[in-house]
2 protein chains.
Amino acid sequence: MMSSKKDETQSKILEATWKLLESGDYQSVHMAHIAKKAGVSRQAVYLHFKTRAELLNATTRYIDTVKDVDLRFGPTREATEGIDRLEKFISAWVDYIPEIYGVARALIALRDTDEAARDAWDDRLNSLKSGCDKTIKALKKDGELTETLSVSKATDALWALISIHSWEQLVLGCKWSQKQYKDYLIASAKKILVNIKV
Amino acid sequence: MMSSKKDETQSKILEATWKLLESGDYQSVHMAHIAKKAGVSRQAVYLHFKTRAELLNATTRYIDTVKDVDLRFGPTREATEGIDRLEKFISAWVDYIPEIYGVARALIALRDTDEAARDAWDDRLNSLKSGCDKTIKALKKDGELTETLSVSKATDALWALISIHSWEQLVLGCKWSQKQYKDYLIASAKKILVNIKV
DNA sequence: AAGTCAACTTTACACTGTGTAAAGTTTTTA
DNA sequence: TAAAAACTTTACACAGTGTAAAGTTGACTT
């Protein structure tokens, strides 16, 4: 095959980057370290990716492919009842966060200096927001959305509530368990978004 | 006076750092630039602040002094009734955010690449958290804290709820007005944290 | 089987930013 | 007016990004 060697090296670099990002030690995710971990020379990395920003971007795309993101949110879309859907949506998202956190963190870090990284990150945020939108609309349809918030405002509110920053602060910062965080988030989302019935 | 000159130089450095942080160009907040802006040599900066971390830390403290933070939170501390205190605390904090956002954003941006800035930022976060703690304890004292959360968990939750990231996302990102945000935050905090009475 | 080409390695360098060191100058204070 | 403190200048060590260029390897052509 024409470029099997090239593809192989590229994969090794992407895998190495992924592993380093996941390690949580963001300072260690530099070109020399990535190259070493991938078992190639530092210059080989530059042959495949012009800059560090480009490499990190490529890594997020690579991870999405490998993790098959769409598959995870299947149960969410299948839930027909509003509150059930809200719970499943939050649950799926909270489960997904730890898996992408390393990369997310790196992208957030690059966001300010690198336009490409910012676009990549904004893309992800918008896709999450459209998930929020569908969830809120399902609530609304069932007449279970609180009367104090419009669909638009409720979408924004849910989006902010489930942000990675919040997870970072409570799970990583305050040492909440994944379960504690999920339960808290679902309970809070219901209190804030769901209409109280008599 | 023994050290009037020293104090003067120190102030010039702190002012220069502040201005650079506020400029929004986080990349430009490095020692050489700060020195130039302050009109002193780069080494003079190191005479006053051992590391960049220390300087950024000192700058946030300096800003607090100039802005007279304690004064703002006076009404909060004077509120004796739990729920009243919660409202006043959130209100004072939300009013304060826009004033410090420039510096906050810079510190958050620098936090990822720079251990220096992270320490400075963590200091600020911890001081906010202790405010949350007092607020939650006042709620608890009045028997108005929800039974589903411990004091510790409720403190963490309030802290996450009022985070700058959340403000950034909703006010700057989703174009909520300052009033909308404040009202939403107070209403949500009550729903999440306050015991529902019969 | 020899040649070519792409992928990769090695070495070296330019550049930016942090922090240290030391010698020299100015300003303050005693 | 002499000592001490504050500040300047110059120079260096170190880490990380990105560039440049010459050399190596292996696979695919002809």
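In what follows, every chain begins at residue 1, and chains take the letters A, B, ... in the order their sequences are listed.
- For His48(B) and dA6(D), the shortest distance from a side-chain N or O to OP1 or OP2 is not below 4.0 Å.
- Under the 4.5 Å side-chain criterion, counting only non-hydrogen atoms from C-beta, Glu168(A) is not in contact with Ile97(A).
- Checking dA11(D), dT8(D), dT17(D) against the side-chain heavy atoms of Met31(A) singles out dT17(D) as nearest.
- Atom NZ in Lys36(A) sits about 18 Å away from atom C1' in dT17(D), given to the nearest Å.
- What separates OH of Tyr46(A) from P of dA12(C) is a distance of 19 Å, to the nearest Å.
- Listed in residue order, the members of residues 11-22 of chain B having a heavy atom less than 4.0 Å from DNA chain C come to none.
- When rounded to the nearest whole Å, the span between CG of Asp7(A) and P of dA7(C) equals 10 Å.
- Residues Arg42(A) and Leu47(A) both approach DNA chain C. Their nearest nucleotides, taken by heavy-atom distance, put Leu47(A) toward the 5′ side.
- Taking only side-chain atoms of Ser41(B), from C-beta outward, the nucleotide of dG18(D), dT8(D), dT9(C) with the closest atom is dT8(D).
- In the hydrophobic clustering of this structure, Ile100(B) groups with Leu21(B); members are Ile, Leu, Val, Met, Phe, Trp, Tyr whose side-chain heavy atoms approach within less than 4.5 Å, directly or through other members.
- Using a 4.5 Å heavy-atom threshold, the side chains of Thr60(A) and Trp121(A) count as separate.
- Contact of the Ser166(A) side chain with the Leu170(A) side chain is registered, since non-hydrogen atoms from C-beta on lie closer than 4.5 Å.
- Atom NE2 in His33(A) sits roughly 13 Å away from atom C1' in dG16(D) (whole-Å rounding).
- Looking at Ser91(A) and Lys182(A), their side chains do bring a donor and an acceptor atom within 3.5 Å of each other.
- Nearest to the side chain of Ala44(B), among dC7(D), dT19(D), dT20(C), sits dC7(D).
- Atom CG of Leu55(A) and atom P of dT17(D) are 10 Å apart (whole Å).
- Atom CD in Gln27(B) sits about 16 Å away from atom C1' in dC15(C), given to the nearest Å.
- Neither side chain, Gln169(A) nor Trp176(A), offers a donor N or O lying under 3.5 Å from an acceptor on the other.
- Listed candidates were dA12(C), dG17(C), dG16(D). Nearest to the side chain of Gln43(A) is dA12(C).
- Counting to the nearest Å, the C1' atom of dT18(C) and the NZ atom of Lys50(B) are 16 Å from each other.
- Side chains of Ser152(A) and Ser150(A): a donor-acceptor N/O pair is absent below 3.5 angstrom, by distance only.
- Atoms CD (Glu54(A)) and P (dG18(D)) sit 10 Å apart, rounded to a whole Å.
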